[in-house]
There are 2 protein chains.
Amino acid sequence: MANKSKKEHILTVASDLFNKKGIRATGVDQVVSESNIAKMTLYNHFRSKDELVLAYLMKYDDEWRKRFEDSVNKSAKTPRDKLLAVFDMLGEWFGEPEFNGCVYIKTAAEFMDHSHPYYEAARNYKAFMKKYIDSVLNECPSVNREALSSGLSLLVEGAITAAMLQTDPKPAEHARDTARVIIDYYLANNK
Amino acid sequence: MANKSKKEHILTVASDLFNKKGIRATGVDQVVSESNIAKMTLYNHFRSKDELVLAYLMKYDDEWRKRFEDSVNKSAKTPRDKLLAVFDMLGEWFGEPEFNGCVYIKTAAEFMDHSHPYYEAARNYKAFMKKYIDSVLNECPSVNREALSSGLSLLVEGAITAAMLQTDPKPAEHARDTARVIIDYYLANNK
DNA sequence: TTGAAACTATACAGACCTGTATGTATACTA
DNA sequence: TAGTATACATACAGGTCTGTATAGTTTCAA
């Protein structure tokens, strides 16, 4: 096992634990134990648990961004279809057995102090979704983009939260249906 | 200070800490210290931290339910106005300086194990919102109530999450605007 | 084959956690 | 006024946490 892949292995195991149990609830000893490494090896690759957590947050940004763009840009052509494809992707995501809610919502919820580095990181990574929707809507001049973009973003966040709390049996489908209504409204009315 | 109010005092202080810092991050010693009581007094009123946490979750259900119904039923008459009033109330809530996100989203995020009592409690208390929206929509026969109710619930959850993560500068207003569009759509089309 | 870098195993320091034990003081009730 | 329930302060038991210290072992390249 090469040097680099050992570091990645530790990060993978740690990420899985952070995601499933939470950051505070996951101890360094447990990461060490489940990684089958020595504690000093972990502290050789990561200066502290703090650094490991920040690597975890960054890792999810990379993975999610890639996955998102792949899935959405695959088939959709028109802005309307691209926007609706977002909700199809959410549905796939929610259906996975490993689905465990949104890392950033959970992290922000666990470290609500607005000046905490984890909260700020989560907040920053989250901005990606709205930026993507905005970029798709840039193809639609003479549309009230701010209103539509906000509405869609709220539906995405709502669906993720509902999936996390299991308060809606089909959050992605319901969000998609609602999204269709407001997309058609704003596109048709040019306002 | 009477017996009963001392217990309430402890619960108030503890709730504030749980809400601001998180449940795991708040130690019993800190609750004791900020309550200006003896540790044994706390353990005399609550068998364990666990019992204190469950009391905290229940307390928020009571308060939020009351506040919600008061605020919403005050002025609104028609189903349409009652539904829109929900988002006005959210706007007031988000604007308060003590606003710290939704207790139940945060608790579920901190204890994601679906069999954990805190997760289940949070999930159950959360169901209240959808039930309320459903009850308002019961006044509207021949409307696709399931679709509209789901859409509105997702907008509510999305607005709360966006307010928590500060990813939208005006989550309640944007959610209200979007809600208006879908309400008018479903009510007008009778579907 | 020799030497440096990486990894391993174990122990432990110091801080924090929940919950208990003990004895004293206060306040209400009979 | 005597007795009882409640609250007090302090100490501590036993566990967990992060991070370090130390010494032995593997790996790999020169």
Side-chain angles (χ1 to χ4, degrees), chain A residues 1-58 106-107 109-113 116-119 121, chain B residues 1-58 106-107 109-113 116-119 121:
Chain A
M1 201 181 278
N3 184 2
K4 193 181 174 187
S5 73
K6 177 140 287 196
K7 181 170 185 176
E8 280 171 4
H9 170 64
I10 295 172
L11 181 54
T12 301
V13 172
S15 296
D16 201 51
L17 287 168
F18 289 151
N19 196 8
K20 275 192 189 128
K21 301 185 43 185
I23 292 173
R24 276 208 164 85
T26 301
V28 171
D29 281 334
Q30 193 176 357
V31 174
V32 166
S33 156
E34 298 208 7
S35 300
N36 289 111
I37 52 146
K39 197 173 196 175
M40 279 313 292
T41 304
L42 187 151
Y43 277 101
N44 188 34
H45 288 294
F46 301 94
R47 274 191 237 174
S48 61
K49 180 183 177 181
D50 209 67
E51 202 174 286
L52 184 60
V53 171
L54 291 172
Y56 154 69
L57 295 177
M58 192 178 297
K106 290 191 291 179
T107 302
E110 207 174 344
F111 301 88
M112 272 294 287
D113 178 3
H116 195 291
Y118 300 171
Y119 178 87
Chain B
M1 201 180 279
N3 185 3
K4 195 181 172 186
S5 72
K6 176 138 291 198
K7 181 171 184 174
E8 280 171 4
H9 170 64
I10 296 172
L11 181 54
T12 301
V13 171
S15 297
D16 201 51
L17 287 168
F18 289 151
N19 197 7
K20 276 194 188 129
K21 298 186 44 184
I23 293 173
R24 275 207 164 87
T26 301
V28 171
D29 280 334
Q30 193 177 357
V31 174
V32 166
S33 156
E34 297 208 7
S35 300
N36 289 111
I37 54 146
K39 198 173 195 175
M40 280 313 293
T41 304
L42 186 152
Y43 277 98
N44 189 36
H45 289 294
F46 302 93
R47 274 192 235 173
S48 59
K49 180 183 175 179
D50 210 68
E51 202 172 289
L52 184 60
V53 171
L54 290 172
Y56 154 69
L57 294 176
M58 190 178 298
K106 289 191 291 178
T107 302
E110 207 173 346
F111 301 88
M112 271 293 287
D113 178 2
H116 196 292
Y118 301 170
Y119 178 87

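In what follows, every chain begins at residue 1, and chains take the letters A, B, ... in the order their sequences are listed.
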Protein-nucleotide distance (A:N44, atom CG; D:dA21, atom C1'), rounded to Å = 14 Å
Show which side-chain atoms of residues 35-42 of chain B pair as donor or acceptor with protein atoms under 3.5 Å away, not counting sequence neighbours.
| residue | atom | partner | partner atom | Å |
| --- | --- | --- | --- | --- |
| B:S35 | OG | B:V31 | O | 2.7 |
| B:K39 | NZ | B:D29 | OD1 | 3.0 |

Could you tell me the separation between the CZ atom of A:F18 and the C1' atom of D:dC17, rounded to a whole number of Å?
-> 13 Å
Donor-acceptor pairs under 3.5 angstrom involving side-chain atoms of residues 19-27 of chain B: please list them, not counting sequence neighbours.
| residue | atom | partner | partner atom | Å |
| --- | --- | --- | --- | --- |
| B:N19 | OD1 | B:K106 | NZ | 2.6 |
| B:N19 | ND2 | B:Y60 | OH | 3.2 |
| B:K20 | NZ | B:D16 | OD2 | 3.0 |
| B:K21 | NZ | B:Q30 | OE1 | 2.8 |
| B:R24 | NH1 | B:E110 | O | 3.3 |
| B:T26 | OG1 | B:L17 | O | 3.3 |
| B:T26 | OG1 | B:G22 | O | 2.7 |

Examine C:dA6: is either OP1 or OP2 under 4.0 Å from a nitrogen or oxygen in the side chain of A:H45? Give yes or no.
-> no
Would you tabulate the nitrogen or oxygen pairs shorter than 3.5 Å linking the protein to nucleotides 17-23 of chain C?
| residue | atom | partner | partner atom | Å |
| --- | --- | --- | --- | --- |
| C:dT18 | OP1 | B:K49 | NZ | 3.0 |
| C:dT18 | OP2 | B:V28 | N | 2.6 |
| C:dG19 | OP2 | B:Y43 | OH | 3.1 |
| C:dG19 | OP2 | B:K49 | N | 2.9 |
| C:dG19 | N7 | B:K39 | NZ | 2.9 |
| C:dG19 | O6 | B:K39 | NZ | 2.6 |

For B:N36 and C:dT26, what is the distance between atoms CG and P respectively, to the nearest whole Å?
-> 17 Å
Listed partners of B:Y43 passing side chain to side chain donor-acceptor pair (under 3.5 Å), at least two apart | none
Under the side chain to side chain contact (heavy atoms under 4.5 Å, CB included) test, which residues partner A:S48, sequence neighbours left out?
-> A:D50, A:E51
Considering only heavy atoms from C-beta outward, does the side chain of A:F18 approach that of A:L52 to under 4.5 Å?
-> yes
Would you kindly give the CD-to-P distance between A:E51 and D:dT18, to the nearest whole Å?
-> 15 Å
Rounded to whole angstroms, how far apart are NZ on A:K7 and P on C:dC7?
-> 11 Å
With sequence neighbours left out, write down each residue that passes ring pair (Phe, Tyr, Trp, His ring centres under 6.0 Å) with B:Y118, or none if nothing qualifies.
-> B:F111, B:H116
Within the pair A:K6 and C:dT8, is there a side-chain N or O less than 4.0 Å away from OP1 or OP2?
-> yes
